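A quick note: this is a predicted structure, and the numbers were derived from the prediction, not measured. Every chain is numbered from 1 and lettered A, B, ... according to where its sequence line falls, protein lines coming before strand lines. These numbers come from the heavy atoms of this one structure, side chains and all, not from hydrogens, waters or symmetry mates.
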Number of protein chains: 2
Amino acid sequence: MCLPCCGLSRPERELANRLAFSRSRLRRGEHLYRIGDSFNSLYAVRNGFFKSVTPLDNGREQVTGFSMPGEVLGLDGIGPERHAFNCIALEDSEVCAIPFGGLQSLAFEIPSLQRHFYKMMSREITRGHGVMLQLGSMNAEERLAMFLLNLSRRFAARGYSESEFNLRMTREEIGSYLSLTLETVSRTFSKLQDERLICVQQKLIRILNKAGLEGVMGRQGN
Amino acid sequence: MCLPCCGLSRPERELANRLAFSRSRLRRGEHLYRIGDSFNSLYAVRNGFFKSVTPLDNGREQVTGFSMPGEVLGLDGIGPERHAFNCIALEDSEVCAIPFGGLQSLAFEIPSLQRHFYKMMSREITRGHGVMLQLGSMNAEERLAMFLLNLSRRFAARGYSESEFNLRMTREEIGSYLSLTLETVSRTFSKLQDERLICVQQKLIRILNKAGLEGVMGRQGN
DNA sequence: CGTTGCGTTGAATAAGGTCAAATAGAGTGG
DNA sequence: CCACTCTATTTGACCTTATTCAACGCAACG
């Protein structure tokens, strides 16, 4: 079941089965959707990895987020009825499209689904504000520690290892997301490795000292 | 009428009148709501000025936004049903409380109201991502230019002068919002003044060259 | 007046960006 | 299997920018 159904009770789930989900596959580099595309569906990531990207006023692009299996994509389109980001597969991936029209009619019958939506959207708000706001007050080491711990937590929540994982994105994409140059990202990985907090082998990251990493974040501005 | 009713047609507005709005006054420094307060209402700012503040992990606080008359406060609470920010009056202010329960029942009868909500929440998402994301790639001058232009646009939209206005917040609060130190904010105001783009007299700001200010933002990372 | 909060300015410092070069892998074709 | 190429990554040297620390100015208010 690929719907984010954690907010639903059993009979509601059966109702939800009325929705026709369609899967689709994407190759690495393909767009799931583009800015301005009309918004029809939410997408549950079944496998693979995605980045969301937005163009900046100055013509450059900024990565706004990464999405892994089990997570929902496309919430940015709900209000404006057009997508606000470009969403691109970082590797060959598969998603499950959830038609929003049907979902919305369902929501009229199922108040808890309505609430569930508000929750998801609201989490988006908080995530955006929360994560992004913090960035400003954090130095490079803190940003990277936060990034890794966030990934780790999400991997764990989806049943993957929390201490060892492959980054699917380049240093440049990480830098764009964290507002750092790729050189600083690289240097900071090395620094965290020197401190024996992580082990870096190309894209493979091993977290050696989780508490230590959390300490990096905690000691900010103290 | 203090409801954000721009999305409603006439009969819907009449329906909306069934909602009981209650006004309340706040003194400078008083909390409109605090983090963790149960979420009951949205608030339309009638007059005055507010800041939203969130505590950071390290114990310090960060200003996440400013709100002026005509704007809606409290959207952060919808999903979690508890407020996610502290909201504090920057001067003696008056708000209009819109009970959310009633609003939600209304939304069941009025699909356009439902959509309107999605829109407002979604705008919150976009605003958060949009503004905050940009910060990372902007230097102090660009940040301040953006801040002033944003304020100017919002003042204009509410019927105030777009070229001359009083800042209700301190340099420190601006700095917190933009992730700069208060000294850098001050220096940068001076710099913009030296460039004849603005005129600063304590809290009174006059925008002398709007195009120039926009140019400051535009030339980022060119 | 003296105090207090807020704002401005200067000098020294630290952090990250920029530019440049070296290295390492992954994939390709011979 | 090897050379070749392309891209990603790492590292170094230098420079720009914002922060830090400190001093001073100013206005409001008791």
Any sub-3.5 Å donor-acceptor pair from [X]'s side-chain atoms to [Y]'s backbone N or O?
X: B:S93; Y: B:L26; result: no
X: B:R143; Y: B:S179; result: yes
X: B:R171; Y: B:L182; result: no

- Item | Below 4.0 Å: OP1/OP2 of C:dC6 and any side-chain N or O of B:S186 | no
- Look at the side-chain N and O atoms of A:Q202 and state whether any lies under 4.0 Å from the OP1 or OP2 oxygen of D:dA8. no
From C-beta outward on [X], which listed nucleotide comes closest to its side chain: [options]?
X: A:N139; options: D:dA18, C:dG16, C:dC6; answer: C:dG16
X: B:T181; options: C:dG17, C:dT9, D:dT19; answer: D:dT19
X: A:V200; options: C:dG17, D:dT10, D:dA18; answer: D:dT10
X: B:R187; options: C:dT8, C:dT9, D:dA13; answer: C:dT9

Separation of atom [atom1] in [X] from atom [atom2] in [N], rounded to whole Å:
X: B:K191; N: C:dG10; atom1: NZ; atom2: P; value: 14 Å
X: B:E183; N: C:dG10; atom1: CD; atom2: C1'; value: 11 Å
X: B:L144; N: D:dA18; atom1: CG; atom2: P; value: 11 Å
X: A:L90; N: D:dA8; atom1: CG; atom2: P; value: 12 Å
X: A:I205; N: D:dT9; atom1: CD1; atom2: C1'; value: 12 Å
X: A:L192; N: D:dT11; atom1: CG; atom2: C1'; value: 16 Å
X: B:M138; N: D:dT16; atom1: CE; atom2: P; value: 22 Å
X: B:R171; N: D:dT19; atom1: CZ; atom2: C1'; value: 18 Å

- Item | B:Y43 and B:Y33 aromatic ring geometry - parallel, tilted or perpendicular at 30°/60° bounds | parallel
- Item | For the student: nearest non-hydrogen atoms of B:L32 and B:F50, plus distance | CB-CE2, 4.0 Å
- Item | Upstream residue (5' side of DNA chain C) when A:T184 and B:K203 are each assigned their closest nucleotide | B:K203
- Query: Is B:E173 side chain donor-acceptor paired with the C:dC6 base, going by distance under 3.5 Å alone?
  - Reply: no
- Task: Remember a base hit wins even if backbone is also touched, and classify A:L182 as base, sugar-phosphate or nothing at under 4.0 Å, heavy atoms.
- Result: base
